[in-house]
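Atoms considered below: every heavy atom in the structure, side chains included; atoms not considered: hydrogens, waters and symmetry mates.
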Amino acid sequence: MAEHPGAVFLSSAAVPSPEFPRRVPVPPQRPFAEALGDNLKETFFPDDPLRQFRNARGWRRRTVASLAYLFPVLNWAPSYDLSLFRSDLVAGITIASLAIPQGISYAKLANLPPVMGLYSSFVPPLVYAMMGSSKDLAVGTVAVASLLIASMLGKEVSPAQDPTLYTHLAFTATFFAGVFQASLGLLRLGFIVDFLSHATIVGFMGGAATVVCLQQLKAMLGLPHFTTATDLVSVLHSVFSQTHQWRWESIVLGSCFLFFLLLTRCLSKKGPKFFWISAAAPLLSVILGSLLVYLTHAENHGVQVIGYLKKGINPPSLSDLVFTGPHTAVALKTGIVTGIIALAEGTAVGRSFAMFKNYHIDGNKEMVAFGAMNVVGSLTSCYLTTGPFSRSAVNYNAGCQTAVSNVVMAAAVMVTLLFLTPLFHYTPLVILSAIIVAAMVGLINYEAAIHLWQVDKVDFCVCMAAYFGVVFGSVEIGLVLAVVISLLRVLLFVARPRTTSLGNLPNSSTYRRMDQYSMAQGVPGVLILRVDAPMYFANASYLRERISRWIDEEEEKLKCNGETSLHYVILDLGAVGSIDTGGIELLEELKKNLERRELQLVLANPGSEVMRKLEKAKLLQSIGQQWIFLTVAEAVAACNFMLHECKPSSNNIAANITSTAAADQQGLHNDNIV
C-alpha cells in the first residue's frame, strides 16, 4: 500500500496518513417519538419484560403468559414432583422452627402483641410463594423494620397508653408500605432503591443492629421502665440510672441462653451440615426457658413472661386501617421508610442466593410480590414483612428447591396458631431478647467495613457516617443521613467528573493515563485530555475551569523546561456518552478561548449522540470536520504532521487540512491501520 510522502510516524507501527483521516460520521436523523421511546425503554425496561409475549399467539396464550408473569408459580408448578417436595418439606419445617420464636420476638420489638409475629409468618409467605421469583427467600418479619415501626409510631402514639390505635397504625403503615413497594415495581422505578449504596446499607444495618441490641437491655436486666429513645447516650443513661432495679435472675437467665445461642451460631459455621444447630437453637431456647420458668415459678421472682396468646388464625383487619385523622401522615411516612428498607434488604438477599444457584430473579417483579404480600398482610392483622437474611440462609442450607418451603413454614405456623399458642404463656421475655441479640450480631458486618477501608476510604467514611448517625442520633436520622450521603456521592460523580492527561505508550499507537502508566510519554506541542463522564449543565462550569487549569499548567511546564510551546488541545470524548446544551456551550467557549490563545481544539472519538447534537448546534462547522478524528492516535498524527510540515497558525493549518480533505474527496485513500 502506498504511503503519502508527508506522513509522520509516532512509532514503528504504521498509522494512516493524517492528510486523509477517516471521518467520524454524523448518525442519521431519527424521529423524536422513536428516539424518546427508545430512551424510555432503556431507562424503565432494560430487561424487556414483554419479550415473552411476542411468541404468544391468540388471546388464550397471551392470557396464560400474562398470568404466568404475575404469578411465577404457574411456571414451575406443572413440573413439581415428590422429590422436590421432600426437600421443601425439610426446609419448611426447619425455617418454621426459627420463624416462630423470631416472629414473637420481633413483634415485641415493634411494641405489638406477640401473636402478630406469628400472624405475619402465616399469610405473607403464602402470597410470596405464588408471586415471588426467588426459590430461596424465606418471608417473615425483620428486626430493623420492627425497630423503625416502634420508633416512628411510638413518637406519635404510646403503645402502652393506647395499644389499639398503635396497632391500627402499624397495619396502616404496612398497607402504605405495600402500596409503595408494588407501585415501584409496576412503574419500573426499582432503581430508586439502588441509590442506597452497599457502604450505606452496611453502616445503616450495623447501626440499627447495635440499637436493637441496646434495646434488649431492658429485658436482659429485668428493668420495669426504659427510655423510649434509641440513641446510645439515652439508653446507657437509662440503664445505669436504674442499677438498683437490676434483676439477677433475668441477668443470669439471659446471659446463659445468649451464650448458648452464640455458641450454636459458631458451631453452625463449621460446615453446611451443621446449619440445623443454629436453626433449631431459638425454638429449643424457648422450650427450655418456658419449662424452667414453669417449674421454678420464676415469673413470681421478677422474670417477665409473654403471658396469654390468642388462639386462632389471622382475623381480618380491613376495618382497622386508619385513613383519616391526625395520625395518617405518620403512618404514611413510616410505611414509605420501612418499605424502602424492606425492599433493599429483601431484593439484596434474593439476588445473593439466586447468584449462588445460578438463576435470575426480576427485581421489579420482586417489588410487586413484596407489595402484594404486605397489602394482603395489612388486611389480615400482619405487620411489615420481607425476606430476612438469617431465615433465608437457613432455608438455603436446608436444601429448599422452590417457594413451597414458604408454604410448609406457613402451614407449621398455622398449626401453632390453632393449637400451640397456650404453650408460650411461660416463655420469658429475656429469652426473646437473647434470640434478638444473637440474630443481630450477624448484621454487624465488621468484615465488610474492614474491606471498605482497604478498598475505598470514601466508602468507609460513608459507612461510618451512617453507622454513627443511627447509634448516636436515631434510626430516622441515620437513614436520612445515609440517603443524603448516597445522593451526594452520586451528585459529586456527575458534577465533578475526572479529567486526565493521556500519553503515548512507547512503540505503540496506544494512549493511556500518564498518572497510571509511568512509561507514557507526552507529545510535544500537544495536550491530550480525557473526560470520563457525560457533559451536562451540572459539570460544565467545573470542566471549563479544570480544562483551563490543565492548559495553564502544561504551558507553564513547557516554558520552564524550554520545550516546544503548546499548539493543540485534544479532547478524548470516548467516555462522554451524552451531552446537553450546557456541555455544548462549554465546547463553544473552550474553542473561543483556545483561539484567543492561538491554540487549536481537536476532538477524538466522539459518540453518536455527541456528534448528532454537535451537528444540530452547528458546532461541527465551527470546529471543522477536519479536526474531529476517530481515535486519539489519528488526532495526534494529524497534529504532529502539521507541526512538522507547516507553521501552526490557525489560518494556514485550517487551509492545509481543507486542501487534504479536498484531495480525499478526489479519491485518494490510505488503508494503513493505527
Interatomic distance, [X] atom [atom1] to [Y] atom [atom2] [nearest 0.5 angstrom]:
| X | Y | atom1 | atom2 | result |
| --- | --- | --- | --- | --- |
| L187 | M367 | CG | CE | 11.5 Å |
| T338 | L147 | OG1 | CG | 11.5 Å |
| L253 | L258 | CG | CG | 11.0 Å |
| S134 | H360 | OG | NE2 | 11.5 Å |

Is there a side-chain contact between [X] and [Y], using heavy atoms and a 4.5 Å cut-off?
| X | Y | result |
| --- | --- | --- |
| H168 | L321 | no |
| K108 | L429 | yes |
| E156 | Y166 | no |
| R391 | M409 | yes |
| V179 | V375 | yes |
| S250 | M220 | no |
| T380 | F171 | no |
| V286 | F257 | no |

Side-chain donor-acceptor pair under 3.5 Å between [X] and [Y], yes or no?
| X | Y | value |
| --- | --- | --- |
| D362 | S133 | no |
| T200 | S197 | yes |
| S474 | D231 | no |
| S151 | T230 | no |
| S146 | Y383 | yes |

Main chain of [Y], side chain of [X]: is a donor-acceptor contact present, judged purely on distance under 3.5 Å?
| X | Y | value |
| --- | --- | --- |
| S392 | A138 | yes |
| T385 | G140 | no |
| N539 | Y536 | yes |
| S381 | P315 | yes |
| D320 | T164 | no |
| S255 | V252 | no |
| S238 | S234 | no |
| N314 | C382 | no |

Looking at every non-hydrogen atom in both residues, tell me the closest pair between [X] and [Y] and how far apart they are.
| X | Y | value |
| --- | --- | --- |
| D459 | A199 | O-CB, 3.4 Å |
| V293 | V303 | CG2-CG1, 4.3 Å |
| P101 | A96 | CD-O, 4.4 Å |
| I444 | G206 | CG1-O, 4.0 Å |
| F472 | L232 | CE2-CD2, 3.7 Å |
| V127 | A372 | CG1-C, 4.1 Å |

Note to self: Let's go through T427 and S290 carefully: what are the C-alpha distance in whole Å and the side-chain angles of both, what is the deciding distance for side chain to side chain donor-acceptor pair (under 3.5 Å) to 0.1 Å, and is it a yes or a no?
What the structure shows: CA-CA 4 Å; T427 300; S290 300; 2.8 Å; yes
Margin query: Could you check whether F323 and F175 have their ring centres less than 6.0 Å apart?
Written below: yes
Check the surroundings of atom [atom1] in [X]: do more than 12 heavy atoms from other residues, nucleotides or ligands lie under 6.0 Å from it?
| X | atom1 | answer |
| --- | --- | --- |
| F389 | CZ | no |
| Y359 | OH | yes |
| F259 | CZ | no |

Notebook entry, point to check: Should the ring pair F356 and F353 be called parallel, tilted or perpendicular, given that the plane angle runs from 0 to 90° and is split at 30 and 60?
Noted result: perpendicular
Notebook entry, point to check: Which residues pass the side chain to side chain donor-acceptor pair (under 3.5 Å) test with K357, sequence neighbours left out?
Noted result: D136
Next item on the list: Let me see the working for Q242 and L221 under side chain to side chain contact (heavy atoms under 4.5 Å, CB included), right down to the final yes or no.
Entry: CA-CA 10 Å; Q242 303 180 73; L221 300 176; over 6 Å; no
Check: After noting the C-alpha distance and the side-chain angles of T94 and V394, does the key distance pass the side chain to side chain contact (heavy atoms under 4.5 Å, CB included) rule?
Finding: CA-CA 8 Å; T94 304; V394 170; 3.6 Å; yes
Notebook entry, point to check: Should V376 and V123 be marked as a side chain to side chain contact (heavy atoms under 4.5 Å, CB included) after you check the CA-CA gap, both sets of side-chain angles, and the distance that decides it?
Noted result: CA-CA 8 Å; V376 175; V123 173; 3.8 Å; yes
Note to self: Could you walk me through whether F226 and V239 satisfy the side chain to side chain contact (heavy atoms under 4.5 Å, CB included) test, starting with their C-alpha distance in whole Å, then the side-chain angles of each, then the deciding distance to 0.1 Å, before giving a yes or no?
What the structure shows: CA-CA 8 Å; F226 204 69; V239 168; 3.7 Å; yes
Check: Among all residues two or more places apart in sequence or in another chain, which pass the side chain to side chain contact (heavy atoms under 4.5 Å, CB included) test with I340?
Finding: F180, L196, I336
